Structures are given as structure tokens and as C-alpha cells.
Amino acid sequence: MRKISLRIAALLVGLSASAAALAVPTYTYVGFWDVFSGQAWDDIPPPPTYTGQQAAAAIFNGSPSDYVISTIDNDKDHINNMAWVDTYGIGLQQVAESHSVDSGGSGYDTNGDTSAWVQDNGGLTAHINYAFRIDNNNNRVPEPVSLALVGLGFFGIGAARRRSTV
């Protein structure tokens, strides 16, 4: 009986893990911004150094972890998790959406500092970051799978009980 109970428990764990793996997050496009649309680099105090995700949270509200960023376009199938940033003393670069450098600790004011939302080195070409909000509701196990797991659990308990009484 103990062997059967262990097998049923292993089966349930396996099913719940595979169901959780099927729950893929979805993304909703919320908007875009040009890197150069932020606070001026020579303001006092200096503007903050923003990652792509921090800039999205500041512009569209929420937490940086609510967002993924793309430099390609507003199609959720093209998300590349990259952001355009301006680097103090260097210029534009494409970096990971969570990349940030604030070497002086006081904002965008030292060579090498980066920001995805600062008015500096603006050119004729726009450098657009596209923001997508992560839909956290889809990170849960789908309801039909949950019900199937509960039913399988009851079936397993019944089968184990029946074997022990025979």
C-alpha cells in the first residue's frame, strides 16, 4: 500500500509541475517613449539613472518588475528584453532591460552613467523603447488542470483505501 501511495504522490507532483510549466505569462502593450524625452541631463539635481523597466514604471505607473521592454516594435511576439539607454560621455547603446549604471550614486552626472529616460545627446533619429506589462493572472495553474489534479488525488486515496481493506 505504501508503494502505491508513493507512486500516486509522485504522479500528482509530476502533473502539477507540468501544468505549471504550461502557464506562460502574457504581455499587454502599454506604450512607448523616446530615450531623450526625460529630464535634462544638466538639471540640478541631476536626473535619476533609469533602467528600461524603471523608466516604464515611472512613465506608466507600477513596479519595474511589472514590465518587459523591447527596442523592436510594439508587437508582443518581438519582445527582445532590451532597452535603449544614453550613456554619459559616450552616447546611445542597446542594453539589457534591467541594466543601469550610477557610478556616482547621485544620478546621471558622471561619465559612464546610463539612463533609459534622459534628455542628452538627442539626435535626429528617435530611439524608442516599447513597454509591455506582464499579465500576472496567467502565472497560475489553469482551473481545469487544478480540478483534474484534485479528482486524481481523490481517486488515488480511494484506490489506496480499497486495497488496504481487501
Side-chain angles (χ1 to χ4, degrees), residues 9-146 148-149:
L11 178 64
L12 288 175
V13 169
L15 284 174
S16 62
S18 62
L22 293 175
V24 178
T26 59
Y27 306 102
T28 303
Y29 173 69
V30 294
F32 69 91
W33 75 96
D34 188 323
V35 173
F36 304 121
S37 63
Q39 183 180 343
W41 70 275
D42 56 354
D43 281 357
I44 298 184
T49 58
Y50 288 107
T51 68
Q53 292 170 306
Q54 289 170 331
I59 296 167
F60 304 110
N61 298 319
S63 169
S65 63
D66 294 340
Y67 294 95
V68 294
I69 310 302
S70 182
T71 57
I72 298 172
D73 59 28
N74 63 356
D75 185 338
K76 64 183 176 183
D77 294 328
H78 298 159
I79 295 172
N80 64 353
N81 300 100
M82 302 289 283
W84 285 108
V85 297
D86 195 14
T87 303
Y88 193 107
I90 296 173
L92 283 163
Q93 301 180 79
Q94 206 176 85
V95 299
E97 64 190 11
S98 60
H99 176 79
S100 175
V101 175
D102 188 355
S103 49
S106 57
Y108 187 83
D109 64 352
T110 306
N111 278 345
D113 287 351
T114 63
S115 184
W117 193 33
V118 64
Q119 188 179 349
D120 186 16
N121 294 326
L124 299 175
T125 306
H127 288 83
I128 304 296
N129 288 316
Y130 301 90
F132 299 82
R133 185 178 287 273
I134 300 168
D135 182 6
N136 289 324
N137 291 333
N138 285 345
N139 288 336
R140 294 179 288 178
V141 176
E143 191 60 36
V145 175
S146 298
L149 287 173

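Note that the coordinates shown come from a computational prediction; the quantities given were computed from them, not determined experimentally. Keep in mind that the numbers below use all heavy atoms, side chains included, and drop hydrogens, waters and symmetry copies.
Ser115 and Asp86 form no side-chain donor-acceptor contact under 3.5 Å, judged by distance and modelled atom types alone. Side-chain contact check for Asn80 and Thr71: at least one donor-acceptor pair (N or O, by modelled atom type) lies under 3.5 Å.
When atom types are taken as modelled, the side chain of Thr114 and the backbone of Val101 share a donor-acceptor pair closer than 3.5 angstrom. No donor-acceptor pair under 3.5 Å is formed between the side chain of Tyr29 and the backbone N or O of Lys76. At least one donor-acceptor pair under 3.5 Å links the side chain of Trp33 to the backbone N or O of Ala116. Looking at Asp66, its side chain never comes within 3.5 Å of a backbone N or O of Arg133 through a donor-acceptor pair. In this structure, Thr110 contributes its side chain and Asp113 its backbone to no donor-acceptor pair below 3.5 Å.
Within the model, atoms NE2 of His99 and CD1 of Ile69 stand 14.5 Å from one another, a figure rounded to the nearest 0.5 Å. Put simply, CG on Asn81 and CZ on Phe132 are 10.0 Å apart, with the number rounded to the nearest 0.5 Å. Ser70 contributes atom OG, which lies 12.0 Å from atom CD1 of Ile128 (distance to the nearest 0.5 angstrom). One finds the CG atom of Asn129 at 8.5 Å from the CD atom of Gln94 (value rounded to the nearest 0.5 Å). The structure places CD1 of Ile44 at 10.0 Å from CG of Asp109, a figure rounded to the nearest 0.5 Å. Here Asp120 contributes atom CG and Ile90 contributes atom CD1; the two are 11.5 Å apart, rounded to the nearest 0.5 Å.
Counting all heavy atoms, side chain and backbone alike, Pro25 lies closest to Ile134 at CB-CG2, 4.3 Å. Phe36 and His127 get closest at one heavy-atom pair: CE1-ND1, 3.9 Å. Closest approach of Pro64 and Ala57 over heavy atoms only: N-CB, 3.6 Å. Thr49 approaches Ser100 most closely through the heavy-atom pair OG1-OG, 3.7 Å. Tyr108 approaches Thr87 most closely through the heavy-atom pair OH-C, 3.6 Å.
For residues 49-80, the pairs satisfying ring-ring contact (aromatic ring centres under 6.0 Å, His included) are Tyr50-Trp117, with sequence neighbours left out.
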